[in-house]
Amino acid sequence: MTIRVLLVDDEPLLRMAFTMVLDAQEDMEAVGEAGEGAEAVRLARRLRPDVVLMDVRMPGLDGIEATRRIVRDRGQARVLILTTFDLDEYAFAGLRAGASGFLLKNALPQELLAAIRTVAAGDAVVSPRITRRLLETFAHQLPTGAAGTSAERLRLLTQREREVLVEVARGLSNVEIAEALQVAEATVKTHLGRILTKLELRDRVQAVVFAYETRLVSPA
């Protein structure tokens, strides 16, 4: 399967460089380019890419709001946020907007390609441990309490599913969760799948964000 990628950045030379890297791969195709957020939203709706490589600082609509709108459209596109600095507030905001991870602009080509393939396969690029670091670093930006709809969604979970979600938010892998809760790894995967379905989340990174926002877990 060819992974269709939409490139969003206000630097034409950077878009050209990304296009050259993608087009050299047998399993990837750059299907479009956008220089600002509103255009990215329009192209995502029309082209239906698998992955959107999204810059943050752009004229007009920024990459965070563009990400929020693309994710809200509930299409197949998954968003990778491009950031300049590791663990900055833009990566945090991008994850809260629904992105499936973030990537540094100075990443090596092979890192870029690996990230795109990972996201296209339905996983997240940022590990839960790094997500936790992000949330703890920018905890002051979190809501003071769970929104009504989020609290209602949280009540959909069983006690065991809550326990699994807490361990996910702590940054534990499935194997580590299985050991902590004394269950099989397959059982953890089943619970995690149900959690994502009930909470309408796309991956475990968004599950970590949800756990912090609802205060199911709190920053250290």
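Each residue takes its place number in the sequence, starting with 1.
One hydrophobic cluster, built from ILVMFWY side chains closer than 4.5 Å, cannot hold both Met20 and Leu7; they sit in different ones. When hydrophobic clusters are built by joining Ile, Leu, Val, Met, Phe, Trp and Tyr residues whose side-chain heavy atoms come closer than 4.5 Å, directly or via intermediates, Met16 is not grouped with Met28.
Across all their heavy atoms, Val71 and Val79 have their closest contact at CG2-CG2, 4.5 Å. Residues Ala211 and Thr214 come closest through the heavy atom pair O-OG1, 3.3 Å. When all heavy atoms of Ile70 and Ala40 are compared, the closest pair comes out as CD1-O, 4.2 Å. When every heavy atom of Leu196 is checked against every heavy atom of Ala207, the shortest pair comes out as CD2-CB, 4.1 Å. For the pair Ile81 and Ala99, the tightest heavy-atom approach, listed with the atom from each and the gap, is CG1-CB, 3.6 Å. Here the closest heavy-atom approach between residue Asp23 and residue Ala30 is recorded as OD1-N, 3.5 Å.
Although no hydrogens or angles enter the test, the distance criterion places no donor-acceptor pair under 3.5 Å between the side chain of Asp50 and the main chain of Ile3. Glu29 contributes no side-chain N or O that, together with a main-chain N or O of Val31, makes up a donor-acceptor pair within less than 3.5 Å. Not one N or O on the side chain of Glu213 forms a donor-acceptor pair closer than 3.5 Å with the backbone of Phe210. Of the possible donor and acceptor atoms, one in the side chain of Thr19 sits under 3.5 Å from a partner among the backbone N and O of Arg15. A donor-acceptor pair is defined here as one N or O able to donate and one able to accept, closer than 3.5 Å; no such pair exists between the side chain of Glu33 and the backbone of Val8. Proximity of a side-chain donor or acceptor of Gln206 to a complementary backbone N or O of Gly98 within less than 3.5 Å is detected.
Looking only at side-chain heavy atoms (C-beta outward), Phe18 and Leu53 come within less than 4.5 Å of each other. By the 4.5 Å heavy-atom criterion applied to side chains, Met54 and Leu80 are not counted as neighbours. Under the 4.5 Å side-chain criterion, counting only non-hydrogen atoms from C-beta, Ile116 is in contact with Val5. Thr197 places none of its side-chain heavy atoms less than 4.5 Å from the side chain of Arg194. When side chains are defined from C-beta on, Tyr212 counts as touching Val217, because their heavy atoms get closer than 4.5 Å. At a threshold of 4.5 Å between non-hydrogen side-chain atoms, the residues Leu172 and Glu179 do not count as touching. With a 4.5 Å cut-off on side-chain heavy atoms, Val168 and Leu192 count as touching. Contact of the Val51 side chain with the Arg4 side chain is not registered, since no non-hydrogen atoms from C-beta on lie closer than 4.5 Å.
Rounding to the nearest 0.5 angstrom, the gap separating the CD1 atom in Ile195 from the OG1 atom in Thr190 is 10.5 Å.
Taking a cutoff of 4.0 Å between a charged side-chain nitrogen and a carboxylate oxygen, Asp73 and Arg45 qualify as a salt bridge. Using a 4.0 Å cut-off between charged nitrogen and carboxylate oxygen, Glu65 and Arg69 count as a salt-bridge pair. Of the charged side-chain nitrogens involved, at least one lies within less than 4.0 Å of a carboxylate oxygen, so that Arg160 and Glu163 count as a salt-bridged pair. Arg170 and Glu176 are not joined by a salt bridge, as no carboxylate oxygen comes within less than 4.0 angstrom of a charged side-chain nitrogen.
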**Asked** Which is it for Glu167 and Asn174 under the side chain to side chain contact (heavy atoms under 4.5 Å, CB included) test, yes or no, and what are the steps along the way?
**Response** CA-CA 9 Å; Glu167 300 303 328; Asn174 288 349; over 6 Å; no

**Prompt:** Leu216 and Leu154: side chain to side chain contact (heavy atoms under 4.5 Å, CB included), yes or no, with the steps?
**Reply:** CA-CA 9 Å; Leu216 183 63; Leu154 188 58; 4.2 Å; yes

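Judged as a side-chain hydrogen bond (donor to acceptor under 3.5 Å, both in side chains), the pairs with a partner in residues 98-113 (not counting sequence neighbours) are, in order, Asp9-Lys105, Asp55-Lys105, Arg78-Ser100, Ser100-Asp203.
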